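Note sheet for the following structure.
First the proteins, then the strands, lettered A, B, ... as listed; each starts at 1. Remember, predicted model here, so these are calculated numbers, not experimental data.
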Number of protein chains: 2
Amino acid sequence: MSYTIKDVAKHANVSIATVSRVLNGQSGYSKATEEKVLVAIKELGYQPNAFARGLISRKSNSLGILFPEVSSQFSSKILRGVEEAAHRLDSSVIVCNTASHGQRTIKYLQLLTEKRVDGILFVSETITEEYYKKLESMQIPVVLISTESYQYPLPFVKVDDKHAAFTATDYLVKMGHSKIGMISGNKDDIIAGQPRIDGYKQALTQRGLPIKEENIVQSQGFSFKDGFTGLPKLLEQSPGLTAIFAASDALALGAISSAYKLGIRIPDHLSIIGYDNLPIAEMAIPPLTTVAQPLEEMGMVAAEMLFTMMDQGRRVESRIMPHSVIERESVKEIKFT
Amino acid sequence: MSYTIKDVAKHANVSIATVSRVLNGQSGYSKATEEKVLVAIKELGYQPNAFARGLISRKSNSLGILFPEVSSQFSSKILRGVEEAAHRLDSSVIVCNTASHGQRTIKYLQLLTEKRVDGILFVSETITEEYYKKLESMQIPVVLISTESYQYPLPFVKVDDKHAAFTATDYLVKMGHSKIGMISGNKDDIIAGQPRIDGYKQALTQRGLPIKEENIVQSQGFSFKDGFTGLPKLLEQSPGLTAIFAASDALALGAISSAYKLGIRIPDHLSIIGYDNLPIAEMAIPPLTTVAQPLEEMGMVAAEMLFTMMDQGRRVESRIMPHSVIERESVKEIKFT
DNA sequence: TTGTACGCGTTATCAC
DNA sequence: GTGATAACGCGTACAA
């Protein structure tokens, strides 16, 4: 069994109150007793009990983070940032893999309530009414990452999807392309689907280029596989394309892989720009030009927002994070003569 | 503020003891009172307080897992498995990113002790004396993942690195190669460095092939960058190679990328086999043939080991997990005539 | 079948 | 400066 504050008190010949005081860096004791206590603590190897502390303080110094899929590169990067920020503030992070499953998510929320986490981070998930009610009843800060809610007033941190998609497409135009296709995620995805399509279209419009529906292929999700099957479909619908905007790096890599199989050379025959700037982007052949989201930073910022909400009970403004295109080698400039 | 068991008791007109009993599925109450209590719980939306529970039970229903780098694909996969197993047993997982930093690791261990986690998982780290002492003083189960300790009696789950490296190399031989190089990690890495080199050498020896030191290039770590710089170095030392065993998928991808820049075609000019079977392996161009480690399963198995140690106080046997080569397209068979 | 009361390890409010 | 002691919310031995 481990030692308690009582043991320390006895060992140092003081009261537990005094031990508690030096433990928490309060005032009200002489230098001499402080020394005594510190020695006792060290000698016994005493470790405060977070349960007892939490019972009184009503704080756990931990936060919960929910992902649809923890093991994606996207999630990992965010987790990394969150963990870093949490660590700096002496907090721990509890990870939950919801698998986009309602029941499972609710169960996690339940668990996190019992553990009295100080705050909750929701990544890439749509907030249903059920979730929101549960969150509301928990009475703790919540911050959304890489998603937002139109129905519920939850602060979020994400990039502007439409704007970023605009930037990606516009980059292709600037590089001399005019026949630009898109491999998009699901249109029904209000957050990452439609807005990116809108951004793509707006860039074309603004540049005086026509919008053709056959230049867009929608896929189930944002995965490698989706990109792999998406490219041939798109090229069949619309053979003349010289460049493609893929709505995620995974989609882009899938497309590149597919192109390789088809004997289409990137970027000589076809240019591709991705979205996310995951580590895989620079591992691709050729290295993928892409629109970067500052994922780690987003994680850190979200965690920090959570902490200011916790500590100061303050409402907090949502944050739109900057995106930027990372030029690598998957887009070729077309020169005019 | 949230409701307590006292509130529920009052609401249901019973004592807190009774509430506690139905809460914990014990016996000793009539169907009628059970009903009353359940209703009260539901009406109030009562949530048990894990602090109070933990104070008595001395259990937190959570475990800590330490990674040198949470955001690698390798770590993520393991985390996914651990999380899954933990979820099934109503436990939570607290992630810690040690950054391979001693001080930071110790601090995490400290934190985890205070939170009274039920067990600890250590991933890919060398257990120093300092760590071990700390772990010992914590008096809780520990399981190592993808690493092991020769000095301290800690159970582990990993694949047999030497054997897996042997298998990889042997596969290349079977495919008709005889001039086989290796891009290895650091020789000083007792766990993932030297053993893989040994496995490589043993395969050659056993097949009657000569071992030449110039056919091996060592790198700092197992990263993409290491592979990228390693390949040209290796090819300079030893120009006649027809196949290469890379000690990790990241190394392999780096090498492939480098080969691409050099105009060397994989697998036509050079065959490459990797190690790990991360998701990136199938995204590579060409898709990477590699030796697979069952990472998710390793995570699950390790977590389960932890639980049996916790619940039954039993010692537990280390587990060597099976590896297997995943044939994709980065290795070409050489036919003899 | 049910209720009372003590203890888990801390912090905080009093007195001294 | 220092020390009792009452919470914090729950489980459980014991009594009824």
Side-chain angles (χ1 to χ4, degrees), chain A residues 1-38 40-41 44-62 90 110-111 113-118 138-139, chain B residues 1-38 40-41 44-61 90 110-118 138-139:
Chain A
M1 235 19 25
S2 56
Y3 293 105
T4 75
I5 199 175
K6 219 171 182 171
D7 300 315
V8 176
K10 213 168 287 178
H11 200 81
N13 266 320
V14 295
S15 72
I16 60 171
T18 300
V19 177
S20 177
R21 278 190 270 261
V22 340
L23 229 40
N24 297 298
Q26 299 177 1
S27 60
Y29 48 83
S30 68
K31 200 74 190 158
T33 52
E34 175 177 7
E35 193 55 34
K36 273 197 302 183
V37 172
L38 258 22
I41 288 177
L44 297 181
Y46 163 76
Q47 304 279 153
N49 183 321
F51 293 141
R53 281 194 159 160
L55 202 50
I56 296 183
S57 68
R58 296 165 188 287
K59 279 196 48 183
S60 59
N61 289 316
S62 37
D90 289 304
Q110 206 91 355
L111 216 68
T113 336
E114 296 192 9
K115 299 218 162 124
R116 301 296 193 262
V117 292
D118 305 324
M138 293 174 72
Q139 312 232 53
Chain B
M1 243 7 36
S2 58
Y3 292 105
T4 75
I5 199 173
K6 219 172 182 171
D7 300 315
V8 176
K10 212 169 288 176
H11 200 80
N13 267 319
V14 295
S15 72
I16 62 167
T18 300
V19 176
S20 176
R21 277 189 272 263
V22 341
L23 227 41
N24 298 297
Q26 299 177 1
S27 59
Y29 48 78
S30 68
K31 201 71 189 157
T33 52
E34 175 177 8
E35 193 55 34
K36 274 198 300 183
V37 172
L38 257 22
I41 288 177
L44 297 182
Y46 165 74
Q47 305 277 154
N49 182 321
F51 293 140
R53 282 195 158 161
L55 204 47
I56 296 183
S57 69
R58 294 161 190 290
K59 279 196 49 184
S60 60
N61 288 316
D90 289 305
Q110 207 91 355
L111 218 67
L112 294 174
T113 346
E114 296 192 8
K115 300 220 161 123
R116 301 295 193 263
V117 292
D118 305 322
M138 293 174 72
Q139 313 231 52

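With hydrogens and angles ignored, the 3.5 Å screen pairs a side-chain donor or acceptor of Asn49(A) with a backbone N or O of Phe51(A). Lys115(A) contributes a side-chain N or O that, together with a main-chain N or O of Asn61(B), makes up a donor-acceptor pair within less than 3.5 Å.
As a whole-Å value, the separation of Lys6(B) NZ from dG3(C) C1' is 14 Å. As rounded to whole Å, 12 Å separates atom P of dC10(D) from atom CZ of Phe51(B). Taking atom CD1 of residue Ile5(A) and atom P of nucleotide dC8(D), one finds them 19 Å apart after rounding to whole Å. For Leu23(B) and dG9(D), the CG to P distance is 15 Å, given to the nearest whole Å. Note: CZ (Arg53(A)) to P (dG9(D)) measures 18 Å, nearest angstrom.
An OP1 or OP2 oxygen of dG9(D) is reached within less than 4.0 angstrom by no side-chain nitrogen or oxygen of Thr4(B). The phosphate of dT11(C) has OP1 or OP2 within less than 4.0 Å of a side-chain N or O from Asn24(A). In terms of phosphate contacts, Gln26(B) brings a side-chain nitrogen or oxygen within less than 4.0 Å of OP1 or OP2 of dT12(D). Distances shown here put every side-chain N or O of Tyr3(B) at or beyond 4.0 Å from the OP1 or OP2 atom of dC10(D). A close approach under 4.0 Å does not occur between any side-chain nitrogen or oxygen of Thr18(A) and OP1 or OP2 of dG1(D).
Toward the 5' end of DNA chain C, the nearer of the two residues Ile56(B) and Thr33(B), judged by each one's closest nucleotide, is Thr33(B). Place Val14(B) and Ala52(B) on DNA chain C by their nearest nucleotides, and Val14(B) ends up nearer the 5' end.
For the atom pair CD of Gln47(A) and CD1 of Ile41(A), the computed distance is 10.0 Å after rounding to the nearest 0.5 Å.
Side-chain N/O atoms of Arg21(A) and base N/O atoms of dG3(D) include a donor-acceptor pair closer than 3.5 Å.
No side-chain heavy atom of Ser30(B) sits less than 4.5 Å from a side-chain heavy atom of Glu35(B).
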